[in-house]
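All residue numbers in this chain count up from 1 along the given sequence.
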Amino acid sequence: MEETLSDIEHFYEFVTQIKKRERKYLSNYFLPESSLLKMIEKKNVTYAYKEGEYLNLWWRKEHFKKLYYFIAEPDQYRIGYDSSACVCDVIGKNKDLQAVEKILTDAGMLEYSSYSQWVCQDTILLSVRNRDYFEIVCEDEGSLFIEKLYLYFDIYSDLLPDWEEVDEFIKDKHFIGIHDKQKKKLIAGLVYSKRGCVITEEFVFVVPSYRGQGVSKRLHNALYEKYSSEKIKYVAWVREDNLESIHLHGAYHYKKQNYLKTTFLRKESVETDNRNKEDKGNGTKGIKNSGRTK
């Protein structure tokens with residue numbers, strides 16, 4: 001049975017007990033302490049703990065519960081059931097994810113989507129036809145992007161912010177926009193985060209009626225031109241079945257890495273209109289995070 005986590009010290013006590021077991025434990029937990037403290041303060045965290053065997057930590061988001069686990073005894077692991085959708089993101093080397101996949105599927109979850117990590121440290125600029133009615137804004141207003149992100153990306157696998165998190169999300173990201181000057185509207189965007197010398201593509205989208213005009217290349221060129229004087233490592237998480245995005249990142253000299261982000265979902269009926277939208281973004285992600293390239 002789930003209980004509300006009211007004290008972060010209880011969390012650390014549970015984790016310490018699990019770490020004392022002889023068997024190496026498995027975990028997908030990566031949140032900084034500050035984030036967990038905020039969740040506890042808002043009473044958004046519940047947990048289920050079986051002494052020394054496993055700990056489930058649930059973050060109650062707007063549309064689902066996010067699962068973070070610590071597992072010392074896989075044979076004893078249980079997720080538990082209620083009416084909420086449950087999402088679990090697992091990141092690691094391909095060979096290391098097989099054991100986790102079996103544990104989660106045995107516990108009633110299904111694989112929902114998979115993204116590979118792509119990395120570039122020596123990118124180039126690609127040629128693209130000039131269009132006078134396009135305007136590129138390299139530090140665009142983040143508030144203009146939010147509606148588009150919810151329209152083109154997946155609520156379960158793309159690490160979208162809840163509405164109450166939007167202001168913090170905007171402060172933490174950078175936004176490159178392309179506008180149609182004639183129609184005065186945002187028609188494409190690239191959202192990224194920068195941590196030191198590492199830039200991670202978070203989201204890339206192009207409004208459907210503007211696709212096929214080299215708009216994605218314009219967005220990427222703008223990003224690489226902006227940081228051309230710096231030594232930057234670029235990271236993108238590209239969906240495994242997105243051949244267009246794979247080709248685009250390959251053209252920019254990205255190399256596929258041996259890291260995979262897989263989202264598992266437990267829900268009685270997954271809304272197919274959410275998972276299979278025709279108008280998904282072209283874009284990147286990731287870890288959650290990480291960029292997502294649709």
Side-chain angles (χ1 to χ4, degrees), residues 1-42 44-61 64-82 84-117 156-159 195 198 200 235 237 257-267 285-290 292:
M1 180 178 295
E2 294 178 36
E3 299 182 44
T4 299
L5 184 64
S6 57
D7 187 343
I8 197 170
E9 293 305 319
H10 291 158
F11 166 72
Y12 287 131
E13 289 174 11
F14 298 148
V15 173
T16 298
Q17 291 175 20
I18 288 175
K19 288 182 177 180
K20 287 180 178 179
R21 301 298 292 258
E22 293 182 5
R23 177 180 292 187
K24 181 181 178 181
Y25 73 95
L26 302 171
S27 179
N28 69 334
Y29 183 81
F30 56 84
L31 293 175
E33 183 179 271
S34 59
S35 296
L36 181 56
L37 286 169
K38 287 181 182 178
M39 291 154 53
I40 292 173
E41 182 180 353
K42 294 179 180 179
N44 283 345
V45 189
T46 58
Y47 71 92
Y49 177 63
K50 188 170 183 180
E51 186 172 355
E53 296 183 354
Y54 66 81
L55 168 66
N56 287 333
L57 200 67
W58 305 95
W59 177 12
R60 291 190 173 274
K61 295 181 67 64
F64 56 84
K65 296 192 306 182
K66 192 103 175 199
L67 170 62
Y68 299 100
Y69 58 77
F70 295 81
I71 305 172
E73 296 294 338
D75 294 342
Q76 301 299 318
Y77 184 65
R78 300 291 184 272
I79 291 181
Y81 290 88
D82 61 21
S84 303
C86 170
V87 171
C88 181
D89 291 328
V90 182
I91 301 174
K93 291 185 177 180
N94 295 354
K95 65 178 182 178
D96 297 333
L97 298 183
Q98 295 177 358
V100 175
E101 180 179 355
K102 184 178 187 308
I103 293 170
L104 293 177
T105 53
D106 286 350
M109 303 197 78
L110 298 175
E111 183 177 326
Y112 183 68
S113 63
S114 289
Y115 297 77
S116 290
Q117 186 189 69
Y156 297 124
S157 62
D158 285 328
L159 305 182
R195 303 285 185 269
V198 178
T200 302
V235 178
W237 291 85
Q257 308 298 300
N258 189 29
Y259 279 91
L260 196 68
K261 176 249 181 185
T262 300
T263 296
F264 292 86
L265 174 69
R266 190 197 68 203
K267 195 173 189 293
K285 238 250 266 162
I287 275 175
K288 279 135 147 191
N289 132 190
S290 297
R292 271 75 54 199

Working to the nearest 0.5 angstrom, can you tell me the gap between [X] [atom1] and [Y] [atom2]?
X    : Y    : atom1 : atom2 : value
L104 : Y69  : CG    : OH    : 5.5 Å
F264 : L97  : CZ    : CG    : 7.5 Å
T46  : L57  : OG1   : CG    : 7.5 Å
E41  : I8   : CD    : CD1   : 12.0 Å
Q98  : I103 : CD    : CD1   : 12.0 Å
L5   : Y49  : CG    : OH    : 13.0 Å

Y112: which of V87, L265, D89, T262 passes side-chain contact (heavy atoms from CB on, under 4.5 Å): L265

Criterion side-chain contact (heavy atoms from CB on, under 4.5 Å) against R266, the qualifying member of T105, L67, I79: I79

[X] vs [Y] side-chain heavy atoms within contact, under 4.5 Å:
X   : Y   : answer
Y68 : V45 : no
H10 : E3  : no
C86 : W58 : yes
T16 : K20 : yes
Q17 : F70 : no

ring-ring contact (aromatic ring centres under 6.0 Å, His included) against Y54, all qualifying residues, sequence neighbours excluded: Y77

Those residues that, when tested against Y25, pass ring-ring contact (aromatic ring centres under 6.0 Å, His included) (two or more places apart): none

Heavy atoms from other residues, nucleotides or ligands near OH of Y259 exceed 12 (cutoff 6.0 Å): no

Heavy atoms of other groups near E73 CD, more than 12 under 6.0 Å: yes

Give a yes or no answer on whether the side chain of [X] reaches the backbone of [Y] with a donor-acceptor pair at less than 3.5 Å.
X    : Y   : answer
N258 : K93 : no
N44  : K38 : no
S27  : Y29 : yes

Of all heavy-atom pairs between [X] and [Y], which one has the smallest distance, and what is that distance?
X    : Y    : result
S113 : S157 : OG-CB, 3.2 Å
E9   : D7   : N-OD1, 2.9 Å
R60  : K65  : NH1-CD, 3.5 Å

Cation-pi check, K66 onto W59 ring (under 6.0 Å, within 45° of axis): no

side-chain contact (heavy atoms from CB on, under 4.5 Å) evaluation trace for F11 with E33: CA-CA 11 Å; F11 166 72; E33 183 179 271; over 6 Å; no

